[in-house]
*Asks:* 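This is the structure I have questions about; it appears just below.
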Amino acid sequence: QVQLVESGGGLVQAGGSLRLSCAASGRTFSTLAMGWFRQAPGKEREFEAAISGSGGITYYADSVKGRFTISRDNAKNTVYLQMNSLKPEDTAVYYCAAREVDYRGTIYYRSDDYDYWGQGTQVTVSS
């Protein structure tokens, strides 16, 4: 089993920044492809960013490309989501997700492809 714990959410004004963290345990971290998703009230969970186990490949949703950056520190078993130029429409609960992979260059962007999820952290952007 993989355990994921997110942190770093909070309240920020539009135009501000936040960095989310997701600490993983239970598996060798570099064998996990990681992703960030978010879910706003009344909406479905949507993909934001993904990173391969090696960290060498990243992929973003169009809505956050250029504003959000996903990264990972395999020595700290942690994946990050740096969020800049935040907008009120970024308000949501943010979840990190993980999937074990054989090839560390693999990424996934569908929620159904992930096996493990964190509990979520709330991000609220005020206008």
Side-chain angles (χ1 to χ4, degrees):
Q1 286 290 329
V2 175
Q3 292 78 43
L4 302 173
V5 179
E6 300 101 333
S7 61
L11 173 64
V12 65
Q13 289 188 333
S17 298
L18 280 175
R19 188 176 81 156
L20 306 183
S21 300
C22 174
S25 61
R27 289 289 187 273
T28 300
F29 189 58
S30 61
T31 66
L32 300 176
M34 302 296 296
W36 284 98
F37 291 75
R38 69 187 182 190
Q39 187 166 19
K43 295 187 177 181
E44 293 187 354
R45 190 171 297 186
E46 61 181 20
F47 167 78
E48 301 307 317
I51 189 166
S52 62
S54 66
I57 298 174
T58 58
Y59 183 69
Y60 297 91
D62 287 342
S63 59
V64 303
K65 199 175 297 182
R67 298 190 300 125
F68 291 9
T69 302
I70 189 171
S71 63
R72 64 191 295 157
D73 185 336
N74 285 352
K76 295 183 178 179
N77 294 348
T78 302
V79 64
Y80 305 97
L81 186 67
Q82 177 67 44
M83 306 185 295
N84 298 328
S85 303
L86 283 162
K87 305 174 182 179
E89 51 264 43
D90 293 319
T91 295
V93 178
Y94 283 70
Y95 299 90
C96 72
R99 171 174 170 157
E100 293 181 85
V101 294
D102 294 324
Y103 174 55
R104 302 183 185 186
T106 306
I107 58 169
Y108 299 93
Y109 59 89
R110 298 188 313 160
S111 60
D112 288 348
D113 288 329
Y114 287 91
D115 300 312
Y116 305 100
W117 293 84
Q119 82 288 350
T121 186
Q122 176 70 47
V123 171
T124 302
V125 184
S126 63
S127 57

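Atom set for the values below is all heavy atoms of this structure, side chains included, hydrogens, waters and symmetry mates excluded. Since the model is a prediction, treat every value here as computed from it, not as a measurement.
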*Asks:* Which residues pass the ring-ring contact (aromatic ring centres under 6.0 Å, His included) test with Y116, sequence neighbours left out?
*Replies:*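 Expected list: none.
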*Asks:* Between SG of C96 and CD1 of I70, what distance do you get to the nearest 0.5 Å?
*Replies:*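 Between atom SG of C96 and atom CD1 of I70 there are 9.0 Å.
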*Asks:* For the residue pair R99 and T106, establish whether any side-chain heavy-atom pair is separated by less than 4.5 Å.
*Replies:*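 Counting from C-beta outward, R99 and T106 never come under 4.5 Å.
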*Asks:* Out of curiosity, does V12 fall in the hydrophobic cluster containing L81 (side-chain heavy atoms, cut-off under 4.5 Å, transitive links)?
*Replies:*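 In one cluster with L81: V12, yes.
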*Asks:* Applying the 4.5 Å side-chain criterion to the ILVMFWY set and letting contacts propagate, would I57 and Y59 be lumped into a single cluster?
*Replies:*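 Yes: a chain of side-chain contacts under 4.5 Å links I57 to Y59.
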*Asks:* To the nearest 0.5 Å, what is the distance between OG (S126) and CD (Q13)?
*Replies:*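 It is 5.0 Å, given to the nearest 0.5 Å.
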*Asks:* Output, in order, the C-alpha distance, side-chain angles, deciding distance and verdict of side chain to side chain donor-acceptor pair (under 3.5 Å) for S25 and Q3.
*Replies:* CA-CA 5 Å; S25 61; Q3 292 78 43; 3.3 Å; yes
*Asks:* Do E48 and S63 have side chains that get closer than 4.5 Å, going by heavy atoms?
*Replies:*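 When only atoms from C-beta onward are counted, S63 and E48 do touch, with a gap below 4.5 Å.
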*Asks:* Return the minimal non-hydrogen interatomic distance between G9 and T121, and the atom names on each side.
*Replies:*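 Closest approach of G9 to T121, heavy atoms only: N-OG1, 3.2 Å.
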*Asks:* N77 and F29: which non-hydrogen atoms are nearest, and at how many Å?
*Replies:*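 Distance-wise, the nearest heavy atoms are OD1-CB, 3.2 Å.
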*Asks:* Taking all heavy atoms of A40 and all of A92, pick out the closest pair and write down the distance.
*Replies:*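 For A40 and A92, the tightest heavy-atom pair comes out as N-CB, 3.8 Å.
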*Asks:* Going by ring-ring contact (aromatic ring centres under 6.0 Å, His included), Y114 matches just one of F37, W36, F47. Which one?
*Replies:*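 Of all the options given, the one that passes is F37.
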*Asks:* Could you pull out the closest heavy-atom pair between S17 and S85, with the gap in Å?
*Replies:*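 Looking at all heavy atoms of both residues, the closest pair is OG-N, 4.4 Å.
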*Asks:* Looking at Y80, is R19 sitting on its ring face, NZ or CZ under 6.0 Å from the six-membered ring centre and within 45 degrees of the normal?
*Replies:*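 The answer is yes, since R19 meets both limits relative to Y80.
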*Asks:* Can W117 be reached from V93 by stepping across I, L, V, M, F, W or Y side chains whose heavy atoms are under 4.5 Å apart?
*Replies:*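 The answer is yes; both residues are in one hydrophobic cluster.
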*Asks:* R104 versus S30: any side-chain heavy-atom pair under 4.5 Å?
*Replies:*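 Touching, per the 4.5 Å side-chain cut-off.
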*Asks:* Is any side-chain heavy atom of D90 closer than 4.5 Å to a side-chain heavy atom of M83?
*Replies:*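 They are not in contact (no side-chain heavy atoms under 4.5 Å apart), so the answer is no.
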*Asks:* Nearest 0.5 Å, what's the OG1-CG distance between T31 and N74?
*Replies:*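 Taking OG1 in T31 and CG in N74, the distance rounds to 9.0 Å.
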*Asks:* Identify the two heavy atoms, one from V2 and one from A98, that lie closest to each other, and give their separation to 0.1 Å.
*Replies:*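 Of all heavy-atom pairs spanning V2 and A98, the closest is CG1-CB, 4.4 Å.
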*Asks:* List the steps and the verdict of side chain to side chain contact (heavy atoms under 4.5 Å, CB included) for F68 and L86.
*Replies:* CA-CA 9 Å; F68 291 9; L86 283 162; 3.8 Å; yes
*Asks:* Any heavy-atom pair between the side chains of T91 and Q122 that's under 4.5 Å?
*Replies:*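 A side-chain contact exists here, since the closest heavy-atom pair is under 4.5 Å.
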*Asks:* Atom CZ in R72, atom OG in S54: separation rounded to 0.5 Å?
*Replies:*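 The OG atom of S54 is 7.5 Å from CZ of R72, to the nearest 0.5 Å.
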*Asks:* Salt bridge check: are D62 and K65 linked by an N-O gap of less than 4.0 Å?
*Replies:*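 Yes, this pair counts.
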*Asks:* Please report the closest heavy-atom contact between Y108 and V101, naming both atoms and the distance.
*Replies:*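 The pair with the smallest heavy-atom distance is CE1-CG1, 3.6 Å.
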*Asks:* Going by heavy atoms in the side chains, are E100 and L32 under 4.5 Å from each other?
*Replies:*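 The answer is yes, as the side chains (C-beta and beyond) meet within the 4.5 Å cut-off.
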*Asks:* Quick check: do Y95 and Q39 have side-chain heavy atoms less than 4.5 Å from each other?
*Replies:*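 When only atoms from C-beta onward are counted, Q39 and Y95 do touch, with a gap below 4.5 Å.
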*Asks:* Which value, rounded to the nearest 0.5 Å, describes the distance between M34 atom CE and I107 atom CD1?
*Replies:*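 Result: 13.5 Å between the selected atoms.
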*Asks:* Are the side chains of R38 and V64 in contact, using a 4.5 Å heavy-atom criterion?
*Replies:*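 Yes, close enough: below the 4.5 Å cut-off.
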